[in-house]
Amino acid sequence: MSGKNILIIGGSRGIGAEAVKSFRAAGDNVVFTYHRSEREADDLRIRTGAVPVRCDVKFSNSVKIAIDKALSILGHIDVLICNAAIADFALITDIEESRWEEIIDTNLNGVFYCIRNVLPLMIQRKSGSIITVSSMWGQVGASCEVAYSAAKAGVIGLTKALAKEVGPSGITVNCIAPGMIDTDMNANVDAEAVAEIADETPLCRIGKPQEVASAMMFLASEDARFITGQVLGVNGGLIV
């Protein structure tokens, strides 16, 4: 195998799928996980040659099995991208406890499970790059998205703390905080609300998944080896 070995958690659709395509186009070896999107994952495999592995990041045992499979394919992991996430829109008084737990488990605990399983070999190799994915709502909060905002704020805190912890081992840890991006996750957002956000954005539009994938490519590159503990906003200037 040539190129870097990349593991993308949540890579079958949207931003994750664009990342799979971008890294494969650059000649990297890619394994990506999916949960329910089997058809999309298989289509991406056919188009790119990347290897899909089923994983439900809510459960630590599922993560361990998936990462063991990824390691059996790749040998080692140079870059881990934690992109799996779910979202919901509701008043905090209307959120069922089970849904709160599902969002926190997927968006925050899942990041912890993935990192915990990948880090030992990175530390052993004294090399690696971890890229987490938060959101602009993790930076400033969003009304009626309390669970999502809380989980994504936690991802930012995790990123900064971990960067300090593993920096001496030669591992970088950075976070990307996308703004409103044209993905399936935002497909159910009211068109008027999307238009309002675009109007408030200095660049006067919403983002494309490829633009977030490009930020991932940069943070995974040798050009970013002296960058760690940072939150890179890909939001058109909406959050500055």
Quick one, F218 and I227 - any side-chain contact, counting heavy atoms below 4.5 Å?
yes
side-chain hydrogen bond (donor to acceptor under 3.5 Å, both in side chains) partners for K58, two or more places apart:
D56
Set of side-chain hydrogen bond (donor to acceptor under 3.5 Å, both in side chains) partners for T132, sequence neighbours left out
T159
Flag the pair W100 / E96 as yes when at least one side-chain heavy-atom distance between them is below 4.5 Å, and no otherwise.
no
Near E38 CD, under 6.0 Å, is it more than 12 heavy atoms from other residues, nucleotides or ligands?
no
Within-4.5 Å side-chain heavy-atom neighbours: I181 and V212
yes
So salt bridge (Lys or Arg N to Asp or Glu O under 4.0 Å) across residues 132-142, not counting sequence neighbours, yields none
Tell me every residue that passes salt bridge (charged side-chain N to carboxylate O under 4.0 Å, His left out) with E165, counting only those two or more places apart in sequence or in another chain.
none
Within a strict 4.5 Å, meaning less than it, do heavy atoms of the V133 and M216 side chains meet?
yes
Is there any salt bridge (Lys or Arg N to Asp or Glu O under 4.0 Å) pair reaching into residues 212-228, and which pairs are they, with sequence neighbours excluded?
none
Could you tell me which residues satisfy side-chain hydrogen bond (donor to acceptor under 3.5 Å, both in side chains) with K164, sequence neighbours excluded, listed by chain and number?
none
With sequence neighbours excluded, what pairs up with E101 under the salt bridge (charged side-chain N to carboxylate O under 4.0 Å, His left out) test?
none
Does Y113 share a hydrophobic cluster with V79, counting links as ILVMFWY side-chain heavy atoms below 4.5 Å and allowing steps through other members?
no
Under the rule for salt bridge (charged side-chain N to carboxylate O under 4.0 Å, His left out), what residues qualify as partners of R99, not counting sequence neighbours?
D88, E102
With ILVMFWY side chains joined below 4.5 Å, transitively, what does F226's cluster contain besides itself?
none
Using side-chain heavy atoms (C-beta onward) and a distance below 4.5 Å, is L219 in contact with I176?
yes
Do V166 and T228 have side chains that get closer than 4.5 Å, going by heavy atoms?
no
Check whether any side-chain heavy atom of T33 sits under 4.5 Å from a side-chain heavy atom of P52, and report yes or no.
no
Distance-only polar pair, side chains of H35 and R54, donor-acceptor under 3.5 Å:
no
Applying side-chain contact (heavy atoms from CB on, under 4.5 Å) to N83 and I15, what does each step give before you reach the verdict?
CA-CA 8 Å; N83 178 66; I15 292 168; 3.9 Å; yes
Could you list the residues that satisfy salt bridge (charged side-chain N to carboxylate O under 4.0 Å, His left out) with R13, not counting sequence neighbours?
D184
Mind checking side-chain hydrogen bond (donor to acceptor under 3.5 Å, both in side chains) for E145 and listing every partner two or more places apart, or none if nothing turns up?
none
Set of side-chain contact (heavy atoms from CB on, under 4.5 Å) partners for D43, sequence neighbours left out
R47
Do F32 and L44 have side chains that get closer than 4.5 Å, going by heavy atoms?
yes
Could you state whether L80 and F59 fall into the same hydrophobic cluster, counting links through intermediate Ile, Leu, Val, Met, Phe, Trp or Tyr residues with side-chain heavy atoms under 4.5 angstrom apart?
no
